[in-house]
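In listed order, ligands and their atoms are each counted from 1. Position 1 is the first residue of the sequence, and the numbers go up from there.
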Amino acid sequence: MEEVDLLQEATQEAEAAEDSRALYEVKMKFLGRTGKVTALLKGMKEIAQEARPAFGKRVNALREALEEKFAALEEKVKQKELEKKLAGENIDVTMPGRHTKQGALHPVTRVKDRLIDLFSGMGFEVFEGPEIESEYYNFTALNTPADHPARDMQDTFYLTEEFLLRTQTSAGQIRVMEQKKPPIKILSPGRVFRSDDDATHSPMFHQMEGLVVDKHITLCDLQGMLDEFAKKMFSETSKTRLRPSYFPFTEPSVEVDVSCAACGGKGCSLCKGTGWIEVLGAGMVNRRVLENCGVDPDEYSGFAFGMGIERIAMLKYGINNIKLLTENDTRFLEQFKD
Ligand code: PHE
């Protein structure tokens, strides 16, 4: 009998199905709209009238039996699949852990953060100017005449006739004084660019600029603040010394030395036997610069200072080549972890 064969065939195939997708396909093959059992019912009109009820009953019984069979098998296959999935997700807690490398702040960032921290404690606020500057802010407003050697193409990266990569964070002084009336006390960290390249110079480096403008500001205020800076940055016993110098935007101008922390001022290879190390340039803001920014030099005075952050980092950590700071060799950088 055809129905008995079909029951056997379907059962065999369904039991052989490995997963729910295969099982579904078998189910469709027999019970689907174009399936074999469905085809039996469709063929009913070819059967003699009187035999139809009995035939219909048998096919329906077959259909029900198969539906039950599939339901039971579906349940079984699903259970099997779940078990397989769970087995794959098993966590072996005895496996060794994976190590992730822990990063650390770059020495330049560390020194920059330390400087900001130190000067904020003295009431300075941070202002950041743009890296692309006009000639006016980088030179002219800073009282640097057009024929000054610092304007030479060899020192400065010009982008156009008017615009350049700033050679000093001093450019920010002008922007601050244009925007803000005294009292002014700002700190301006940032990248600067110069066409210069050897063991202690890099075409890109960082500076930290400071500017204080108020009534009755004198060179003594600058020196007092620098002493405080040297003690906090280098060592409690550090001293500072001012030497006359020249910058177009300060008058008088000074170069500031700090007593050598490596030898305590006795003289060593780091300080080339002098006991002192030059750390920054500074001075009283030139009257002409104040005037250029609309600040009355008869009412206000100020001081400014600028230091190379790489230079401070090199002195503080005993780094002998500035290039180490941009090579990003992790063997070097790993030494600066807390
Ligand atoms: N801008 C100077 C330089 O880059 C440093 C400086 C800043 C000097 C402020 C005086 C006052 O060398």
Side-chain angles (χ1 to χ4, degrees), residues 108 112 115 119 124 126-131 133-145 148-152 154-157 164-177 184-198 200-214 217-219 221-223 225-226 229 240-258 277-290 292-293 295 297 300-315 322:
V108 168
K112 186 183 93 177
L115 287 169
F119 283 104
F124 283 78
V126 172
F127 165 87
E128 284 183 61
E131 289 174 358
E133 265 298 3
S134 67
E135 231 186 0
Y136 176 76
Y137 285 101
N138 197 77
F139 292 130
T140 315
L142 285 163
N143 195 36
T144 311
H148 193 281
R151 278 207 177 197
D152 200 300
Q154 278 163 7
D155 300 324
T156 309
F157 293 113
L164 44 84
L165 295 179
R166 67 174 172 195
T167 59
Q168 49 190 359
T169 42
S170 303
Q173 287 185 26
I174 307 298
R175 292 187 177 271
V176 170
M177 285 193 277
I184 290 170
K185 208 168 182 187
I186 59 104
L187 198 59
S188 189
R191 289 198 290 185
V192 298
F193 308 84
R194 289 181 198 178
S195 179
D196 217 350
D197 205 0
D198 60 32
T200 52
H201 297 88
S202 150
M204 184 283 291
F205 62 103
H206 296 75
Q207 279 190 334
M208 180 70 80
E209 188 91 5
L211 173 71
V212 174
V213 183
D214 203 348
I217 297 289
T218 69
L219 201 63
D221 296 312
L222 170 66
Q223 188 155 26
M225 189 218 67
L226 289 172
F229 150 75
T240 60
R241 149 178 114 165
L242 306 187
R243 278 181 294 110
S245 184
Y246 172 78
F247 297 105
F249 36 91
T250 45
E251 183 57 39
S253 300
V254 292
E255 214 115 27
V256 182
D257 295 342
V258 172
I277 288 177
E278 185 196 318
V279 289
L280 59 100
M284 299 306 292
V285 181
N286 193 308
R287 289 175 66 87
R288 292 219 200 133
V289 174
L290 294 175
N292 288 343
C293 303
V295 177
Y300 293 102
S301 56
F303 67 72
F305 60 89
M307 60 185 94
I309 299 182
E310 279 82 352
R311 187 169 170 75
I312 306 278
M314 288 169 81
L315 290 174
I322 196 168

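For the pair R166 and Y137, the cation-pi test (distance below 6.0 Å, angle within 45°) is failed.
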Mind running side-chain contact (heavy atoms from CB on, under 4.5 Å) on V212 and K185 for me, showing each step along the way? CA-CA 4 Å; V212 174; K185 208 168 182 187; 3.9 Å; yes
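Between the choices M284, R194, E209, the shortest heavy-atom distance to atom 3 (C) of ligand 1 belongs to R194. For atom 8 (C) of ligand 1, the nearest non-hydrogen atom from the set G210, G281, G308, A171 belongs to G281.
Within the structure, ligand 1 lacks F303 among the residues with a heavy atom less than 4.0 angstrom away.
In S170, the part holding a heavy atom less than 4.0 Å from any atom of ligand 1 is the side chain. Only the backbone of F305 comes within 4.0 Å of ligand 1, counting heavy atoms alone; no side-chain atom from C-beta on gets that close.
Geometrically, ligand 1 and Q207 share a nitrogen or oxygen pair separated by less than 3.5 Å. Considering backbone and side-chain N/O atoms, Q168 comes within less than 3.5 Å of an N/O atom of ligand 1.
No donor-acceptor pair under 3.5 Å is formed between the side chain of E255 and the backbone N or O of R243. Without hydrogens or angle criteria, N143 side chain to V289 main chain gives no donor-acceptor distance under 3.5 Å. The backbone N or O of E278 sits less than 3.5 Å from a side-chain atom of R311, completing a donor-acceptor pair.
For the residue pair Q168 and Q207, no side-chain donor N or O sits within less than 3.5 Å of a side-chain acceptor on the partner.
Ranking protein heavy atoms by distance to atom 7 (C) of ligand 1, first place goes to G306 N, 3.3 Å.
Shown in contact with A304 at under 4.0 Å from a heavy atom are these atoms of ligand 1, numbered in order with element: 9 (C), 11 (C).
Within the model, atoms OH of Y136 and CG of L142 stand 9.0 Å from one another, a figure rounded to the nearest 0.5 Å.
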